[in-house]
There are 2 protein chains.
Amino acid sequence: MEDSLVTVETGFIDGMGQLADYWGYNKVVGWIYGLLYLQDGSLSLESVAAELQVSKGNISINVREAERLGMVKKVWKKGDRKDYYEAEPNLWQVIRRITRERQKKEFDFAMETIKTGLDGLELLESNTQQVRFARKRLNQMSSFLKSTNAIISGLLSLETLKGAAVQACPVRSRLPGRTSD
Amino acid sequence: MEDSLVTVETGFIDGMGQLADYWGYNKVVGWIYGLLYLQDGSLSLESVAAELQVSKGNISINVREAERLGMVKKVWKKGDRKDYYEAEPNLWQVIRRITRERQKKEFDFAMETIKTGLDGLELLESNTQQVRFARKRLNQMSSFLKSTNAIISGLLSLETLKGAAVQACPVRSRLPGRTSD
DNA sequence: TCTAATGTTTAGTACTTTTAAAACACTCTA
DNA sequence: TAGAGTGTTTTAAAAGTACTAAACATTAGA
């Protein structure tokens, strides 16, 4: 029976790994989160390494990444030299932080690329159909990015995630109150 | 001067490649989209390969992926055996399709993982604190996923992207009418 | 049916990423 | 200050991915 709980946990942890991988992070980041998410309390770096059967060097690197992403927190235990970690249980917090980071990076990068392009086009003395077309396209992409950025920033600025708030927007009276967690 | 337009285009195309890479797709998919997005008309597979200086085998594979993602469309020219491609100019359409695919895949996968876990826990005859805790956590994640899924589905079901609709939601009177494109 | 034009698939190479193991560094206690 | 217990960094190898060139397949016209 104890064995079966481990089986279930392993399946879940592996799933988290696949999701992390899908989001472009190391699968071990997902494993760590999955393991800690199911833990009622914290685990030391060594225990995490042992549980996941991964070298402690690997855990050292990936737990730091998980921390940076706001997925896990370091916990101090007085009189103990080990580092303990526990999962951030609020999933909206986790997703929000990760998405925000990506959002910012991508938006800034894309805008920079477009701005550089438009500036370059401005400097051309020629004004061929080609040049005018390129300018038009860059401007279209620029305003699209500004719109989506505003939308996503709006979503991410919500402190709490209320179930299906966006969908309910045109029918505000029907807003379902809250979501557990 | 013609030379400078090429420089600008190259910068933009490369930027699209980096974004594609960031989203977990092959950078060449981004290059292809970038090249075609700046093109007033269509290009043949061979021209694309020549412009991007990439083997046609590579373009063959990645243009198919770009097509699958709704980023480019094949254009038929009668009396011409070549395949021509052009970019989907509506960026909202592109993002929507890509996001939808990811959303669906990830959501279904995560829900499946959780359901399998909960079913496994159900079968355990033991009911330790550990088991109850795992059950609680899986349920929390499940309802979180359902909420976010509803929100994202709602967003993606919009036919047109109106600038900053979400942010403006609490102040509907200030909704900026439309976005170009 | 032969040839030329085009797109697709394959096989091997090159490149990139991930990993474990080991060396290293730090800190606390005796 | 020696030694044990921890976490971090480095390094070399393994695993995975992407790319080109070439072989292959398909089609259309001569």
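Convention: sequence-line order gives letters A, B, ...; per-chain numbering from 1. Note that these values count all heavy atoms, side chains included, but never hydrogens, waters or copies made by symmetry.
A cation-pi arrangement, defined by a distance under 6.0 Å to the six-membered ring centre and an angle within 45 degrees of its axis, is absent between A/K74 and A/Y85.
Listed nucleotides: D/dC19, C/dT19, C/dT8. Nearest to the side chain of B/L45: C/dT8. Nearest to the side-chain atoms of A/R64 among the listed nucleotides C/dT19, D/dT8, D/dG7 stands D/dT8. Taking only side-chain atoms of A/K82, from C-beta outward, the nucleotide of D/dC19, D/dT6, C/dT8 with the closest atom is D/dT6.
Atom OH in A/Y84 sits about 9 Å away from atom P in D/dG7, given to the nearest Å. When rounded to the nearest whole Å, the span between CG of A/N58 and C1' of C/dT17 equals 12 Å. If you take CG of B/L43 and P of C/dG7, they are 12 Å apart, rounded to a whole angstrom. The distance between atom NZ of B/K78 and atom P of D/dG29, rounded to the nearest whole Å, is 14 Å. Regarding A/I59, its CD1 atom lies at a distance of 13 Å from the C1' atom of C/dT18, rounded to whole Å. Put simply, CD on A/E46 is 15 Å from P on C/dA20, counting in whole angstrom units. We find that CD of B/E65 is positioned 14 Å from C1' of D/dT17, with the value rounded to whole Å. Spacing between atom CD1 of B/I61 and atom P of D/dT20 amounts to 10 Å, rounded to whole angstrom units.
Heavy-atom nearest nucleotides on DNA chain D were determined for B/S55 and for A/D80, and the one closer to the 5' end corresponds to A/D80.
Between the side chains of A/S47 and A/S44, a donor-acceptor pair is found at a separation under 3.5 Å. Between B/E106 and A/W23, the side chains place a donor N or O and an acceptor N or O closer than 3.5 Å (distance only, hydrogens not considered). Checking B/R132 against B/Q129 by side-chain atom types alone, a donor-acceptor pair falls below 3.5 Å. Under the 3.5 Å distance criterion, with hydrogens and angles disregarded, no donor-acceptor pair is assigned to the side chains of B/Q130 and A/D40. Looking only at atom types and distance, the side chain of A/N149 has a donor-acceptor partner in the side chain of A/Q103 under 3.5 Å away.
For D/dC19, one of the phosphate oxygens OP1 or OP2 lies less than 4.0 angstrom from a side-chain nitrogen or oxygen of B/N26.
Residue A/T160 comes nearest to A/W92 through the heavy atom pair C-NE1, 3.8 Å, listed as atom of the first residue, atom of the second, then distance. Taking all atoms of both residues into account, the shortest heavy-atom contact from A/L69 to A/E101 is CD2-OE2, 3.7 Å.
Residues from residues 13-22 of chain A lying near DNA chain C, meaning a heavy-atom separation below 4.0 Å, are absent.
Annotation for B/Q53: atom CD does not count as buried by contact number, only 12 or fewer foreign heavy atoms lying within 6.0 Å.
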N/O contacts under 3.5 Å, protein versus nucleotides 22-28 of chain D?
residue : atom : partner : partner atom : Å
D/dT27  : O2   : B/R81   : NH2          : 3.0

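Note on A/K74: nothing from the nucleic acid sits closer than 4.0 angstrom, heavy atoms only.
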